[in-house]
Number of protein chains: 2
Amino acid sequence: MYIQLLYMKELEDILKTKSEMPLAKKTVLNISYTSTTIKDSMLHVLKPFDISIEQFNVLRILRGQHGKPTNLQDIQDRMVSKMSNTTRLVDKLILKGFVERFICEKNRRKVDIFITEKGLKALLEIDPVIEKTEAHIASPLTQEELQTLNHLLTKLRD
Amino acid sequence: MYIQLLYMKELEDILKTKSEMPLAKKTVLNISYTSTTIKDSMLHVLKPFDISIEQFNVLRILRGQHGKPTNLQDIQDRMVSKMSNTTRLVDKLILKGFVERFICEKNRRKVDIFITEKGLKALLEIDPVIEKTEAHIASPLTQEELQTLNHLLTKLRD
DNA sequence: GTACAACAATTGTATATACAAATGTAATCG
DNA sequence: CGATTACATTTGTATATACAATTGTTGTAC
């Protein structure tokens, strides 16, 4: 994120000033830009673990299933991006030994996916780092402001 | 976006309820998810024009230069994602005839990039569609709520 | 004038998303 | 029982980002 601080360019200027940009456009830009800066932060702290944000999210989804077999659609429905190619994400996690995949005995079109012990261990290591980063990201706002922000974002999606 | 409405899954449930999730984590998730739904909307309306959001943004940046030669770093500094591979984006816009690239005479390490007439025409066609989409995205909130949302997002990035 | 460091862009490679086509399996219909 | 439709995943292909290495050019130091 320090690279971005070196360049104070048009984007921050636009977002910080009362420019003539229509409010709807400014809102869309602001959300997109903020999301990108957050992703960059996450990417930065995840880098030493050699895992992407999306792979990490898949592991968290599987952990949340508490050993219950999960199929690809279940995973995909719980992901931030609903159009992601979940087969490929799972393929890479298999290569890392973090998940395993079996053909579903009841319905062989489906696959049953589980997180492995290695995957759970990886999450135990990464969780505190991510939580610290999330806390840092949110730190410029008060609890009340965070509540308001969440409320407005949820309302926006209706 | 209608596909997402068919699945009311854990994510929206988490974001809409007072779940036990820490507020920082909820905020990060909310911003990321909202940004993704916005991108999906943009992608949907841009599809008939056979242009991506990022390509569209590059054209807008170049139009904003009013014919002034622009180099790759200038473009990249003004983009939402500062790590994008701008060379590749410009390559694709050249293939579409929307921009042209010349070696800078003063400094041959640099390239001068211009939007073409065809590119300007494309923007004239796309602009109203995008503005309508942005207005639609912002429509669930009042002007005051949008001001507050923008203020909170900007403060968050400090 | 030459060597070296720095700059700007390009290229290589990897990952993720987007979207359609292909493949194998299961359910349904006649 | 066979044909057809639907389902779930995989694969193919394209685009964007991420990041490092490479390439050509310019600036600086001696």
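Everything numeric in this text was worked out from a predicted model, so none of it was measured. Computation of the quantities below employed the complete heavy-atom set of this structure, encompassing side-chain atoms and omitting hydrogens, waters and symmetry-equivalent molecules.
Atom pair Met42(B):CE and dA16(D):P shows a separation of 16 Å (rounding to whole Å applied). Between the NZ atom of Lys106(A) and the C1' atom of dT25(C) there is a distance of 17 Å, given to the nearest Å. To the nearest angstrom, P of dA16(D) lies 14 Å from CZ of Phe56(B).
Evaluation of the side chain to side chain contact (heavy atoms under 4.5 Å, CB included) rule for Thr86(B) yields Leu72(B), Ile75(B), Gln76(B), Met79(B), Ser84(B), Val90(B) as partners, not counting sequence neighbours. The salt bridge (charged side-chain N to carboxylate O under 4.0 Å, His left out) search around Lys132(B) returns none, not counting sequence neighbours. In this structure, the salt bridge (charged side-chain N to carboxylate O under 4.0 Å, His left out) partners of Arg63(A), at least two apart in sequence or on a different chain, are Asp127(A).
Residue contacts for Lys47(B): at a heavy-atom cut-off of 4.0 Å it reaches the sugar-phosphate backbone alone, with no base atom in range. Using a 4.0 Å heavy-atom cutoff across all strands shown, Leu43(A) reaches sugar-phosphate atoms only and no base atom.
Leu95(B) shares a hydrophobic cluster with no other residue; no ILVMFWY side chain has heavy atoms under 4.5 Å from its own.
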Return all side-chain donor-acceptor pairs below 3.5 angstrom for residues 110-117 of chain A, not counting sequence neighbours, or 'none' if the list is empty.
unit_1: Thr116(A); atom_1: OG1; unit_2: Gly97(A); atom_2: O; d: 2.7
unit_1: Thr116(A); atom_1: OG1; unit_2: Phe98(A); atom_2: O; d: 3.0
unit_1: Thr116(A); atom_1: OG1; unit_2: Lys118(A); atom_2: N; d: 3.4
unit_1: Thr116(A); atom_1: OG1; unit_2: Gly119(A); atom_2: N; d: 3.1

Nucleotides 8-15 of chain D: protein proximity per nucleotide (B base, S sugar-phosphate only, - neither; heavy atom, under 4.0 Å): SSBBBB-S

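At a threshold of 4.0 Å, the pair Arg101(B)-Asp91(B) counts as salt-bridged, since one of the basic side-chain nitrogens sits closer than that to a carboxylate oxygen.
Residue Arg108(A) places at least one side-chain N or O under 4.0 Å from the OP1 or OP2 atom of dA26(C).
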